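Structure first, commentary second.
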Amino acid sequence: MDKRVVIIGGGVAGMQAALALKERGAEPVILEKEERLGGKLRDWHRLFPTFTPAAEVLEPLREGIARAGIEVRTGAEVECLSEGGAVLRGGECIEGGATVICSGFDVFDARIKEEYGYGIYDNVFTTVDVERMFNEGRVATAQGGVPQRIAFLHCVGSRDEKVGAHHCSKVCCITGVKQAIEMKEMFPSAEIYNFYMDIRMFGPGYEELYRRAQLEYNINFVRGRISEASQTIDGRVQIKAEDTLVGRPLKMTVDMLVLIVGMKGGSRNVAFAGSGGLTVADNGFMQPQDSFLGNVSSGRKGIFYAGTVTAPKNIGESLNEGVAVAARVASYLGL
Amino acid sequence: MAYYDSFVIPFLAGTVFMFAVIAWKWCRWIWLLPSEDKRAISKGVFTSATPKAVWEVISESLLHRKIFRVNPLLGYMHMSLAFGWFLLIVVGWIEAAVELGAGTPLHAHVFFRYFDPGAHAGGNPFATVMDLLLLMVLSGVVLAWFKRVRSRAMGMKRTTRHVLVDRVALTALWFVFPLRLAAESFMAAIKHNGGFLTGGLGDLIAAHMDPAVIAGVNSVLWWLYSFALGTFFVAMPFSRYMHIFTEIPLIFLRRYKVRSGDHTKSFDNFQIQACSRCGICIDPCQLQRDLGIGDVQSVYFLRDRRYGRLSDKVLDNCLMCGRCEVKCPVGIELNTLRSNSRQERVDSPALTRYDYLKGTDRSSGSGRVGYFAGCMTLLTPVTLRSMERIFAAAGEDVWWADRDGASCCGRPLKLSGEVNAARRIMEYNKEQFAAHGISTLVTSCPICLKVFREDYALEGIEVLHHTEYILRLLEQGRIALNAGDTVYTYHDPCELGRGSGIYDEPRQILGMAGKLVEPEHSRSDAMCCGSSLANTVIDDGQQLRIGAAMTTELERTGAGCIVTACPLCKKAIVRNATLPVADISQIVAERLQVSGT
Amino acid sequence: MRRNSWKEYQKEVADDRYYYLRSCIRQNFFPGSEKAFLKIVGEELGRDIFDDPAHTSCTGIGYHSDIVPYETIMTVVARQFAMMTEAGYENAAVSCITSFGVYTETLETWNEFPDIEAKVRENLYKATGREFRKPRNVSHASDIIFHHREEIGRRAKHRLVNRFTGEPLRGVEHIGCHYAKIFPREGIGGVEFPYVLAGMIEAWGGSVVDYPERRHCCGFGFRNYLVQANRGYSVANSQKKFESMAPFKPDFIVANCPGCAMFLDRWQYTIAEIEGTTYGEDGRGIPVLTYEELAGLVLGYDPWELGLQMHQVDVEPLLNKLGVDYDPAAKYLVTNGRYIGCPEPAMVNMGAE
Amino acid sequence: MPQFGFSISKPRAINLDTNDQVPAERLLQEVPELKTCIACGGCTATCTAGNLTDFNFRKMHTLVRRGEYREVYEQMDKCMLCGKCRLVCPRGINTRAVVIKIKRVLGDY
C-alpha cells in the first residue's frame with residue numbers, strides 16, 4: 001500500500017501527526033497554505049496556563065520536521081479533496097494512501113458584532129491583536145499611550161445565537177485570564193476588568209490561574225456581558241454592561257477593550273465535506289466518526305482528522321490528536 | 001297576478017331578506033360613524049370626489065382592473081362574474097321592460113324567459129346578447145372551479161380556506177348560472193325563445209326528449225334556479241360575498257377622505273366587509289412563504305375580526321411589512337386595522353407609566369438640525385459615526401438627541417397596540433424637540449421616522465430620514481462623493497419604503513457612489529428582513545429564516561456590497577450575508593470628497 | 001434526639017456554690033422563673049447559690065443597642081466579678097442569655113488581649129477601688145438545670161407525657177442566639193445541635209421537635225425590637241419559626257433566653273391580632289415556658305406560684321395534658337388573695353370558634 | 001384590632017414550596033427559549049428604560065420564573081418595547097414577547 005500520507009495543514013496537529021507518522025515508517029507530506037509551518041500558533045506569544053513561549057512548542061516541532069526530512073509544501077492552499085488526496089489551488093493533485101485533515105479553525109470576525117465597535121473605534125482590539133502586540137513587544141493604546149484601564153469581554157462569537165454560534169470555544173476563558181495577567185504584568189498600575197457570562201476553567205492549572213488572576217493580580221471579574229460600546233471624545237471606549245450580581249447597569253470608560261474572540265469552523269470545511277463525502281457538524285466544525293473511539297476518524301476510508309478541525313481544542317489536545325491520528329493511519333496502512 | 005308563478009318565492013324571499021340586512025348594516029354603520037367622518041362625507045358629496053367614486057366603482061367593483069394587474073386570467077374570472085352578472089341584470093331588465101312594458105314585477109325580469117309571452121322564432125337580438133352574457137358568466141364560473149383545483153395557473157400559489165357560510169354561498173353561486181342555462185334551455189325547448197346558446201340547446205332537447213318530460217324537468221329547473229338564487233341571497237350578507245355591495249360605499253367614503261385610525265370605529269366595518277377573501281394577500285406574506293405559517297394573513301385577520309373570534313395568535317403574528325396591503329385589490333388599510341385591533345385589546349390608560357422621562361435630558365450639542373439616531377442605531381455605531389462625519393463635512397451644527405441613549409420614539413409600543421402609553425412617550429420627545437429649538441429633525445431609523453411624521457405633529461420642524469437629508473446635502477453641493485465602481489444592491493426597509501414612500505432617495509445616492517443593481521423584489525414589493533418590531537410571535541430562528549431568504553435574493557444580484565437604510569434590517573442582513581453590508585450613510589461617509597479637492 | 005453530634009460539644013458546669021447573676025427583663029416578665037430557679041437549686045437540690053442584692057445589670061441591652069461602649073460593659077462585668085470574689089464564689093450562674101454572651105465575650109477578649117484585661121482592672125480599681133478574680137466557671141442557668149436534669153427527673157411529680165394518650169409531649173426548644181452562636185464551645189451541643197433544653201425535655205419524658213427553622217433567631221434582635229418601626233421585621237422572624245414548627249403540632253415551646261420566651265409568647269398574640277393566624281391546637285396559641293417553669297411543673301410546683309398566669313398564651317391546655325392539679329379561680333390572685341387583674345380575651349386564647 | 005404601629009414584614013426568601021408557578025409556567029410555554037437565559041445581563045445593560053430608571057429586565061423575568069410576581073407588573077410598565085434587548089440577546093430570546101406575555105399573564109390585558 002502507498003505509504004505516502006497527505007497532511008492538510010501545518011499547524012501543531014499537522015506537524016505532530018507528520019512526525020509520529022514518519023516514526024512509524026510512513027511518508028507524510030504537509031500541505032501548508034502559509035509560507036511557514038505553525039498555523040495559528042505563529043501569531044501567539046505565550047501559552048496558557050504556564051506562560052510557555054509559543055516558540056518553545058513550535059521550534060522543536062519545526063526542527064523535528066526538518067531533521068526527519070519530511071516533505072513540506074508551503075504556500076499550498078488546498079481547494080478540495082480528491083480520491084486519495086487533496087487538490088491544490090491551481091489544480092495540482094497531491095495523493096497518497098491516506099489523508100489527515102488538520103486544517104484547524106477560523107478566528108471569529110469581531111466586526112460582525114458591530115455594537116462592540118471593532119474596526120470602528122480605535123481602541124477596540126481582539127485577543128489576536130493583543131498576542132501580536134505582545135510579540136511585537138509593544139502594547140499601547142491607539143493614541144500610543146499606556147493603558148490605565150483595560151476591559152476584556154468574553155464569549156465574542158461564542159455561545160451567541162445572533163452569529164449562529166451555539167458552541168463554546170472552550171479556550172477563550174483561559175485566554176482572557178492569561179492575557180489579563182500579562183497585561184497586568186506589563187502595566188502593574190492598570191485596572192483590568194474581565195466581563196464574562198460564565199467562567200469555564202476546564203483544564204489542569206486553569207482554575208488555579210483564574211484564582212491567581214483574582215488574588216495576586218487583582219483582575220476584576222464582572223459577571224455581565226457588554227452590550228454596547230462607544231467612543232468618547234478623547235478616543236477611549238465607553239462600555240455598558242449589567243453587573244448581574246448587583247442587578248444594576250454598569251458603565252465605564254476604558255483605554256482598551258479586548259474582545260476575546262472565539263473559534264469557528266474552518267472556511268474550507270464545506271468544500272472538504274462536499275468533495276470528500278464528509279459531514280460538517282451543526283457548529284461548523286467537521287463531524288468525526290464518533291466522540292470516543294473514532295474521534296480522529298472521519299467515517300470515510302482513508303480520511304482522518306486531528307486538531308481543531310473537529311472542535312475547539314487547546315494546544316495540548318491538538319498535539320495529542322496528532323499522535324493519535326498517526327496510530328490510526330499507521331494501522332490503516334498496515335505499517 | 002300577472003307574470004307570477006310560485007317558484008319565484010325563494011328568489012323573492014331571498015332578495016327581500018338580503019336587501020333588508022344590507023340596508024340595516026349600512027344604515028347602522030353610517031349612523032355610528034364619528035361626527036368628523038360624517039362631516040367629511042357631507043363636505044365631499046358635492047365635489048369631484050363623487051364622480052371619481054362612480055368611475056372607481058365601475059372600474060374596480062365591476063371590471064376589477066387591479067386584479068387584472070395581478071394576473072389577467074384571475075382578473076377575467078372576477079370581471080366575468082361581477083360585470084357579466086351585472087350586465088345580465090341590466091340587459092334582462094331592458095328586455096323585460098321592452099317586451100312586457102314598464103312596471104312589471106322584479107321576478108319577471110329575472111325569470112324573463114319563463115314569462116316571455118311571445119315566441120321569437122329565429123331572431124331575438126336580446127336573446128343573443130343575454131346568451132353571450134350568460135356564456136361570459138359561465139366561463140367565469142368554470143375558471144372559479146379551475147382555480148379551486150389549480151390556483152397556480154391563475155397566479156396564486158395559495159388560496160383562502162373558507163368558512164361554512166362562504167361554502168354555502170359559493171356552492172349556491174356555482175349552481176345559479178348552470179341552472180339558469182338549463183332552465184332557459186328547457187324553456188327554449190318549449191317556447192323556442194332562446195338565443196344561440198339556450199335556443200340551440202333547446203332545439204337539441206326538443207329533438208330528443210318527450211314533451212311531457214321536458215315540461216316536468218322545466219318546472220323543476222326553474223324552481224331549482226330560484227332556490228339557488230334565494231339561498232345565495234340569504235347567505236350573502238353573512239358571507240364574503242357581502243363585499244359585492246360593501247365595496248361600493250367604501251369607495252365613496254374613501255373618496256370623501258374617511259380613513260381608519262388608531263382606534264377602531266364604525267368605518268372599519270366597511271373595510272372589513274369589503275374583503276372578498278380573494279386570498280391575494282396570502283402569497284406575498286413571508287410568514288407563509290418562508291415559515292409556512294398559513295393562518296394569520298390579512299384575509300384571516302379580517303375574517304376573524306368580522307366574526308368576532310380574533311385570537312392573539314392571528315392578531316400578533318404579522319410583520320406589518322405592508323407587502324399584502326400594497327397588493328390588496330380592494331385597497332383595505334390592513335395594517336391600520338390590525339393596529340387598531342391590537343389597540344382595542346391591550347391599551348390601558350397608563351397615565352403615569354413614563355413619568356420617569358420627565359426632566360431627563362441626555363442630549364448634547366446644539367444646532368438647528370436635530371439628529372435622533374434611534375435605539376437600534378446605537379447598536380450599529382458605524383451609522384452613527386458616518387452621520388457624524390457627514391454632518392461635519394457639511395458644516396452642520398447638530399443637536400444630538402440620543403447619542404448617549406434616550407427615550408424610545410414610541411412606535412414599537414404603538415405597534416403592539418399601546419397607543420395611549422406611546423402617546424406619553426411622544427409628548428415627552430416633542431417637548432425635547434421644542435425645547436432645543438430645532439427646525440429639522442434627521443433620524444437614521446425608519447421606524448422613528450414614520451412615527452415622527454405621522455403622530456408627532458411637529459409644527460415648524462421638518463422630519464427627514466438620513467437618506468433624504470444626505471441627498472439634499474448632495475444636491476445643495478454641501479457634500480460631494482467620489483464615485484467608484486462598486487456594485488451595490490439596495491434593500492428597501494419596509495418602514496422606509498412602503499411605510500414612508502422613500503424609494504428614490506437612497507437609489508439616487510447610490511447612483512452617485514457607484515453602480516446599483518436591483519434584487520428580484522424591490523421598491524413596494526421589497527421583502528421584509530423579518531426583524532419587524534410589529535411581530536412579537538415569531539422566534540429568533542424564524543426571524544433568521546425570513547432574513548436568510550431575503551438576503552439570498554440580495555446576494556444573487558451579483559452586487560459587491562449590500563446597502564440598506566435601517567439599523568434593524570442591517571442587523572438582520574449581517575447575520576446571513578457573506579457580502580459586506582453597509583448602511584447607506586456608511587457608503588456616503590466613506591466616499592466623501594474632502595473639501596478643497 | 002436522634003442526632004448525637006451534640007456530644008462533641010460538652011462543657012464543664014460547676015456542680016455547687018453558684019453566684020447568681022440575674023436577668024433584667026426576666027425579673028420583670030417572668031419573676032416566678034428566677035424565684036423557682038433559686039428554689040430548685042437551693043431547696044430541691046440542696047446546692048449553695050447566692051443571690052447577691054449588690055450586683056447590677058450587665059448593660060448588655062445597652063451594649064447591643066450601641067449605647068454602652070465595650071470598654072464600659074467590660075468594666076461593669078469586672079465589677080460583677082469583684083462582687084462575686086468578695087462574696088467568696090467562683091462559679092457564675094447567669095440567668096440571662098444576653099448576659100451570658102457578654103460574660104463569655106469579655107472573658108474571651110481578656111484571654112486574647114491581656115492588656116485589655118489589665119486596663120479594665122485598672123479602670124475598675126480607679127472607679128470603685130475593687131479587685132476581682134476571674135470566675136472558674138461561667139454557666140448559664142439552663143446549663144445548671146441541664147447539669148442536674150437527671151436528679152430533677154428522679155424527683156418528678158409529673159413526667160412530660162400526655163396523660164390522655166400516653167404519648168410523650170412534643171416540645172419545641174428554642175435556644176437564645178448568644179448562648180452558643182458567639183462561642184459554640186460555650187454551649188452544650190454547640191450551635192448546630194444545641195442540647196441544653198432538648199436534654200431536659202428528653203430526661204423528663206418528652207420528645208423534642210426537630211423542625212426546619214429550629215436554629216432561627218426569635219427576631220428580638222435588640223435594635224429590631226426596640227425601634228417600633230422595625231418591629232415588623234422582628235415579628236416576621238418569630239412567624240417564620242411558628243410556620244415551620246406548626247405542622248409538628250408542638251404541645252409547648254421552651255426557651256432559655258428571657259427575650260426569646262417573651263417574644264415567642266407575645267408575638268403569637270400580635271400575629272393573631274394582625275393576621276388572624278394562630279399556630280397551636282384548636283386554633284389557639286402554643287404555650288411558651290421558660291426552662292425553670294418547665295422544671296417547676298415537672299417537680300409539681302403550683303403553676304400560679306411559678307407565674308404562669310403572666311404568659312400571654314394560656315398554659316391550661318398543657319397543664320391538663322400534664323395532669324397538673326390547679327385552681328382555675330386562683331389564676332389571677334396573688335398569695336394574699338389580692339386580684340391582680342386579667343388580660344382582655346384574645347384570639348390566641350379563645351381558639352377557633 | 002389593636003394598633004401596633006407596625007405590620008409583619010413579608011419574608012424576603014423566595015419560597016419555591018409555596019410560590020404559585022402557574023403563571024411562570026404559562027410564560028415559559030409561550031416563550032420557551034426564555035429557559036435558555038444565562039443571565040448575561042446584556043438586555044439590562046442596553047435597556048433604554050433601564051438606563052433611565054431602576055428597571056432591570058433580567059431580574060424581573062427571573063423573578064417571574066421563580067414565581068415572584070410582586071411589583072413585576074409595575075416594573076414591566078417602564079419598558080418601552082423598543083426591542084434593543086432582543087437584538088443583543090446571545091440566546092436569541094424574543095424578549096419583547098417576554099415583556100408582553102409577562103404583562104398578559106400577570107396583568108390587566
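Letters go in sequence order (proteins before strands), and every chain restarts at 1. What you are looking at is a predicted structure, and each value in this text was computed from that prediction instead of being measured.
Annotation for B:R289: atom CZ counts as buried by contact number, over 12 foreign heavy atoms lying within 6.0 Å. More than 12 non-hydrogen atoms from other residues, nucleotides or ligands lie less than 6.0 angstrom from CZ of B:R385. The 12-atom threshold is not exceeded at CG of A:D282, counting heavy atoms of other residues, nucleotides or ligands nearer than 6.0 Å.
If you tally non-hydrogen atom pairs under 4.5 Å between each of A:E161, A:Q238, A:K240 and chain B, the highest count goes to A:E161. Contacts with chain A were tallied for B:L379, B:L544, B:V581; B:L379 has the most, counting heavy-atom pairs under 4.5 Å.
Within the 4.5 Å cutoff, the side chain of A:K162 has no heavy atoms near those of the B:V574 side chain. Using a 4.5 Å heavy-atom threshold, the side chains of B:P381 and A:Y116 count as separate.
In this structure, the separation between CD on A:Q231 and CG on B:L384 is 11.5 Å, given to the nearest 0.5 Å.
Taking the charged nitrogens against the carboxylate oxygens, B:K571 and A:E115 do have a contact shorter than 4.0 Å, which makes a salt bridge.
Checking side-chain atoms of A:E114 against main-chain N and O of B:V382 turns up a donor-acceptor pair under 3.5 Å.
For B:L378, the parts lying near chain A are the backbone and the side chain together; criterion is any non-hydrogen pair under 4.5 Å.
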